[in-house]
Every structure is written in structure tokens, then in C-alpha cells.
Colleague: 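I have a structure here, written as C-alpha cells, and I will follow up with some questions on it.
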Amino acid sequence: MEKTQEIALTEMKKSVQKLGSSTEKFGDPTLMRFLIARSMDPDKAAKMFVQWHKWRASFVPNGFVLDAEVKDELDDRKIFLQGLSKDGYPVMVVKASKHFPSKDQLQFKKFVVHLLDKTIASSFRGKEIGNEKMIGILDLQQMSYKNIDARGLITGFQFLQSYYPERLAKCFILNMPRFFVSVWRMVSRFLEKATQEKVVIVTSEEETKNFIREIGEETLPEEYGGRAKLVPLQDVILAPVED
């Protein structure tokens, strides 16, 4: 670790203490995510960390969201978890044509936490390091106007930005219909610059080749040029995490 990073980490830990919280249970890789998300500013990173810690304690008091708590969302079978990319990132696929705006916003928010937690946890090798990232694939093929959910998309990205800093490695958007362009333009206004830079809207043949190469054919589902079968999120059983 560079000297400047060590200094920033030390200052962040002091700032967290001043704010009445503690970093004791968290390793440096976790804290570094908050520092990177706040341009290595220890005070801003500490504030973000404390807000995240409080949110996690109140919103996910048991440390995880059970399948039973988000049954309605899981029943749509719209999220798939495909294993690891060539760089070792878990790959999550969202089928927009199977999604409908939720009437229960609390359940939807819990579902966002459930799918993000499970996707990230699928890359753990025995225990969490703290700097694991994920790749998202948003497939808009066959979506219609009734599937449009700008609010849901904004919620998902805002949760990533506020509570899962530096967890997103890349987000690929496939098969974007013309009518969705204006929706995406509106959603983009809520994305931080760092998040926008991780979003790739795949349109050209070259971009498709890069997408397949980055994910890897072993992990990528057949319909996107790979050799894998789609695996629904709820069908994935994770190994127990070590303390």
C-alpha cells in the first residue's frame, strides 16, 4: 500500500471515531472503497462510512435479507447469477422484460440489497476481503412500456453509489430500444461521474466482441454469445462465509 493511502486510511479512522462510530470490525480494503469513492478525502469518506454503517444496522439488522422477505420480486425470475468473469467478478444478469414497477417500494429496496449482497458474496473465497466487485448486465430485449421503471433503476444505482461504493466494476446495457433512450438520459442525471464511466451501452459489433471477451464464454449465457445457461438468483446456493 502506498504511503499516501496509509495516511488517508489513518486519518479516515480518526474521523470515523470523531463521528462517534468505529472501523474496528472492518479491514483496510473495505475502508479504501469509501476513500476511493470520495476522491481520497478522509473526512468525506468517514462521513460516507458512518452513514452506510447506520443504514446497514437499521435496514439490514440481521446482516442479510431472506428470500422470504422479497418473494414477490424473486417470483418474477428476472435476476440471474452466472459465476465469475475472466477477472474474477461475479456476473449478474437483469432481464428487463420480466420486471414490472413494484407496488411495494420497501420490498423492492430490500430486493436490491438482497441481489447486490448475494451477487457480491458469490465471489467470496471462504471469507470477505472487502474490495470485491461485480459486473451487471442489463438486458432490455423484448421490454415494453409496461416494463419501464425509471424510479427502480434510479433506486438501484443510488444504492450502489451510497451503500456499495466501488463495488461495481462494469455495467453493460444490451439491446436498448429507441423508446428507452430518453428514459436512460433521465436516469443518467442521478449517476455520479464515476458510475457513468462504468456503464457501457453495447451497440456495435466491436463493443459486442469486447463484452464477450471481458465476461468470458464459460460464464456468459448462450443468448449473449457464451456457453453458459441462465441461472436464476434464487437457485444459487452460496457456501458459508468464514468469520
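FYI, side chains are in, hydrogens and waters are out, and symmetry mates aren't considered; it's all heavy atoms of this structure.
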Colleague: How many angstroms lie between atom OG1 of Thr208 and atom CG of Leu174, to the nearest 0.5 angstrom?
Modeller: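 The CG atom of Leu174 is 8.0 Å from OG1 of Thr208, to the nearest 0.5 Å.
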
Colleague: Side chains of Thr155 and Phe111: closer than 4.5 Å at any heavy-atom pair?
Modeller: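 When only atoms from C-beta onward are counted, Phe111 and Thr155 do not touch, as no gap falls below 4.5 Å.
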
Colleague: If you take all heavy atoms of Ile148 and Pro101, which pair is closest and at what distance?
Modeller: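 That would be O-CG, 3.3 Å.
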
Colleague: How about CZ on Arg56, more than 12 heavy atoms from neighbouring residues, nucleotides or ligands closer than 6.0 Å, or not?
Modeller: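 Yes - once you tally the heavy atoms of other residues, nucleotides and ligands closer than 6.0 Å, there are more than 12.
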
Colleague: Rounded to the nearest 0.5 Å, what's the gap from CD1 on Ile215 to CG on Asn210? Could you check?
Modeller: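 Rounded to the nearest 0.5 Å, the CD1-CG separation comes to 11.5 Å.
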
Colleague: May I ask whether Val94 and Trp184 are part of the same hydrophobic cluster, defined by side-chain heavy atoms of I, L, V, M, F, W, Y residues being less than 4.5 angstrom apart, directly or through others?
Modeller: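 As far as the 4.5 Å side-chain criterion goes, Trp184 and Val94 are connected within one cluster.
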
Colleague: Would you mind reporting whether Phe49 and Leu31 have side-chain heavy atoms less than 4.5 Å apart?
Modeller: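 The answer is yes, as the side chains (C-beta and beyond) meet within the 4.5 Å cut-off.
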
Colleague: Is it true that Phe190 and Val181 fall in one hydrophobic cluster, defined by side-chain heavy atoms closer than 4.5 Å?
Modeller: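 Yes, it is one cluster - the side chains of Phe190 and Val181 are joined through contacts under 4.5 Å.
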
Colleague: Is Lys110 atom NZ crowded by more than 12 heavy atoms from other residues, nucleotides or ligands, each under 6.0 Å away?
Modeller: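 Enclosed: over 12 neighbouring heavy atoms sit under 6.0 Å from NZ of Lys110.
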
Colleague: In plain terms, say whether Lys95 and Asp139 are close enough for a salt bridge, that is, a side-chain N and a carboxylate O under 4.0 Å apart.
Modeller: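 Asp139 and Lys95: salt-bridged.
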
Colleague: Could you tell me whether the side chain of Ser123 and the main chain of Ile120 form a donor-acceptor pair under 3.5 Å?
Modeller: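 Yes.
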
Colleague: Could you verify whether a donor N or O on one side chain and an acceptor N or O on the other, from Thr10 and Glu6, lie under 3.5 Å apart?
Modeller: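 Looking only at side-chain atoms, Glu6 and Thr10 do not form any donor-acceptor pair under 3.5 Å.
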
Colleague: Is a side-chain N or O of Ser122 found less than 3.5 angstrom from the main chain of Thr119, in a donor-acceptor match?
Modeller: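 Flag set: sc Ser122 to bb Thr119 pair under 3.5 Å.
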
Colleague: Taking side chain as C-beta onward, heavy atoms only, is Met48 less than 4.5 Å from Phe34?
Modeller: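 When only atoms from C-beta onward are counted, Phe34 and Met48 do touch, with a gap below 4.5 Å.
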
Colleague: Between Phe80 and Leu233, is there a side-chain heavy-atom distance shorter than 4.5 Å?
Modeller: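 With C-beta onward as the side chain, the pair stays apart.
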
Colleague: Does a side-chain heavy-atom distance below 4.5 Å link Thr30 with Asn131?
Modeller: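 Of all side-chain heavy-atom pairs linking Asn131 with Thr30, none is under 4.5 Å.
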
Colleague: Taking all non-hydrogen atoms of both residues into account, name the closest pair between Leu238 and Ala121 and its distance.
Modeller: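 Residues Leu238 and Ala121, closest heavy atoms: CD1-CB, 3.7 Å.
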
Colleague: Could you tell me which non-hydrogen atom of His53 sits nearest to which non-hydrogen atom of Ser21, and how far apart they are?
Modeller: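 Answer, listing the atom of His53 first, then Ser21: ND1-OG, 3.4 Å.
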
Colleague: State plainly whether the residues Asp28 and Lys13 are in salt-bridge range, i.e. N to O under 4.0 Å.
Modeller: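 Salt bridge: yes.
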
Colleague: With side chains defined as the heavy atoms from C-beta onward, is the minimum distance between Leu220 and Phe211 less than 4.5 Å?
Modeller: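 Result yes, sub-4.5 Å side-chain heavy-atom pair found.
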
Colleague: Stepwise, does the salt bridge (Lys or Arg N to Asp or Glu O under 4.0 Å) test hold for Glu222 with Arg227?
Modeller: CA-CA 5 Å; Glu222 291 170 338; Arg227 294 195 289 270; over 6 Å; no

Colleague: Output, in order, the C-alpha distance, side-chain angles, deciding distance and verdict of ring pair (Phe, Tyr, Trp, His ring centres under 6.0 Å) for Phe179 and Tyr145.
Modeller: CA-CA 8 Å; Phe179 67 79; Tyr145 288 102; 4.5 Å; yes

Colleague: Nearest 0.5 angstrom please: Asp41 CG to Glu11 CD, how far?
Modeller: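 Rounded to the nearest 0.5 Å, the CG-CD separation comes to 10.5 Å.
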
Colleague: Between Ser162 (side chain only) and Gln158 (backbone N and O only), is there a donor and an acceptor less than 3.5 Å apart?
Modeller: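 Answer holds: yes.
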
Colleague: Do the side chain of Glu132 and the main chain of Gly130 share a donor and acceptor less than 3.5 angstrom apart?
Modeller: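 Yes, because the side chain of Glu132 sits within donor-acceptor range (under 3.5 Å) of the backbone of Gly130.
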
Colleague: Check each of Arg77, Lys71, His114 against Gln234 using the side chain to side chain contact (heavy atoms under 4.5 Å, CB included) test, and report the only one that passes.
Modeller: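 Passing option: Arg77.
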
Colleague: Let's go through Trp52 and Phe59 carefully: what are the C-alpha distance in whole Å and the side-chain angles of both, what is the deciding distance for ring pair (Phe, Tyr, Trp, His ring centres under 6.0 Å) to 0.1 Å, and is it a yes or a no?
Modeller: CA-CA 10 Å; Trp52 164 77; Phe59 200 75; over 10 Å; no

Colleague: Report whether Ile36 and Val199 are members of the same hydrophobic cluster (ILVMFWY, side-chain heavy atoms less than 4.5 Å apart, transitive linking).
Modeller: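 Yes, Ile36 connects to Val199 through the hydrophobic network.
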
Colleague: I need the minimum non-hydrogen distance between Met186 and Ala150, along with the two atoms involved.
Modeller: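 Closest approach of Met186 to Ala150: CE-CB, 3.6 Å.
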
Colleague: Atom CZ of Phe26 and atom CD of Glu128: how far apart are they, to the nearest 0.5 Å?
Modeller: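 These two atoms lie 9.0 Å from each other.
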
Colleague: Should Val91 and Ile137 be marked as a side-chain contact (heavy atoms from CB on, under 4.5 Å) after you check the CA-CA gap, both sets of side-chain angles, and the distance that decides it?
Modeller: CA-CA 7 Å; Val91 177; Ile137 298 174; 3.7 Å; yes

Colleague: Hey, does the side chain of Glu207 reach the backbone of Thr203 with a donor-acceptor pair shorter than 3.5 angstrom?
Modeller: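 Yes; judged by distance alone, with no hydrogens or angles, the pair exists.
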
Colleague: Can you find a pair of side-chain heavy atoms, one from Glu214 and one from Lys86, that are under 4.5 Å apart?
Modeller: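 No - every pair of side-chain heavy atoms lies 4.5 Å or more apart.
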
Colleague: Using a strict 4.0 Å threshold on nitrogen-to-oxygen distance, state whether Glu166 and Lys133 make a salt bridge.
Modeller: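 Yes.
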
Colleague: For the CE atom of Met92 and the CD1 atom of Ile135, what is their distance to the nearest 0.5 Å?
Modeller: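 The distance works out to 11.0 Å.
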
Colleague: Starting from Leu81, can I reach Val113 by hopping between I/L/V/M/F/W/Y residues whose side chains sit under 4.5 Å apart?
Modeller: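 They do share one cluster, since a chain of ILVMFWY contacts under 4.5 Å joins Val113 to Leu81.
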
Colleague: Do Ile173 and Leu140 have side-chain heavy atoms sitting under 4.5 Å apart?
Modeller: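 Yes - at least one pair of side-chain heavy atoms lies under 4.5 Å apart.
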
Colleague: Counting only N and O atoms by type, is there a donor-acceptor contact under 3.5 Å from the side chain of Gln196 to the main-chain atoms of Leu191?
Modeller: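 Side chain of Gln196 to backbone of Leu191, a donor-acceptor pair under 3.5 Å: yes, one is there.
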
Colleague: Shared ILVMFWY cluster between Phe64 and Tyr163, side chains joined below 4.5 angstrom?
Modeller: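 Phe64 does not cluster with Tyr163.
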
Colleague: Test side-chain contact (heavy atoms from CB on, under 4.5 Å) on Gln82 and Leu230; report intermediate values, then the result.
Modeller: CA-CA 7 Å; Gln82 294 305 124; Leu230 281 167; 3.7 Å; yes

Colleague: Tell me whether the count of non-hydrogen atoms from other residues, nucleotides or ligands lying under 6.0 Å of NZ in Lys198 goes above 12.
Modeller: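 Yes, the 6.0 Å shell around NZ holds more than 12 heavy atoms from other groups.
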
Colleague: Tell me whether Gln161 contacts the main-chain N or O of Thr195 through its side chain, where contact means a donor paired with an acceptor under 3.5 Å.
Modeller: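 Checked: no pair found.
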
Colleague: Within the 3.5 Å criterion, strictly below it, is a donor on Asp149 or His99 matched to an acceptor on the partner's side chain?
Modeller: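 The answer is yes; a qualifying pair exists.
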
Colleague: Is Asn147 reaching over with its side chain to a backbone N or O of Ser97, donor-acceptor style, under 3.5 angstrom?
Modeller: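 Checked: pair present.
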
Colleague: Whether the side chain of Arg33 engages the backbone of Arg167 through a donor-acceptor N/O pair (distance < 3.5 Å, no angle test) should be reported.
Modeller: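 Not at all, since once roles are kept as given, no pair shorter than 3.5 Å links the two residues.
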
Colleague: Determine whether Gln105 and Arg151 satisfy the following criterion, side-chain contact (heavy atoms from CB on, under 4.5 Å), listing intermediate values before the conclusion.
Modeller: CA-CA 10 Å; Gln105 281 301 305; Arg151 181 181 180 182; 3.3 Å; yes

Colleague: As an exercise, state the distance from CD of Glu197 to CG of Leu168, rounded to the nearest 0.5 Å.
Modeller: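 It is 12.0 Å, given to the nearest 0.5 Å.
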
Colleague: Is it true that Ser102 and Glu73 share a donor-acceptor pair across their side chains at a distance under 3.5 Å?
Modeller: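 There is such a pair (donor and acceptor under 3.5 Å, judged by atom type) between the side chains of Glu73 and Ser102.
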
Colleague: Quick one: does any side-chain atom of Glu69 pair with a main-chain N or O of Leu66 as donor and acceptor, under 3.5 Å?
Modeller: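 Side chain of Glu69 to backbone of Leu66, a donor-acceptor pair under 3.5 Å: yes, one is there.
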
Colleague: Would Val93 and Tyr224 satisfy side-chain contact (heavy atoms from CB on, under 4.5 Å), going step by step from the backbone distance to the final call?
Modeller: CA-CA 11 Å; Val93 178; Tyr224 308 127; 3.8 Å; yes

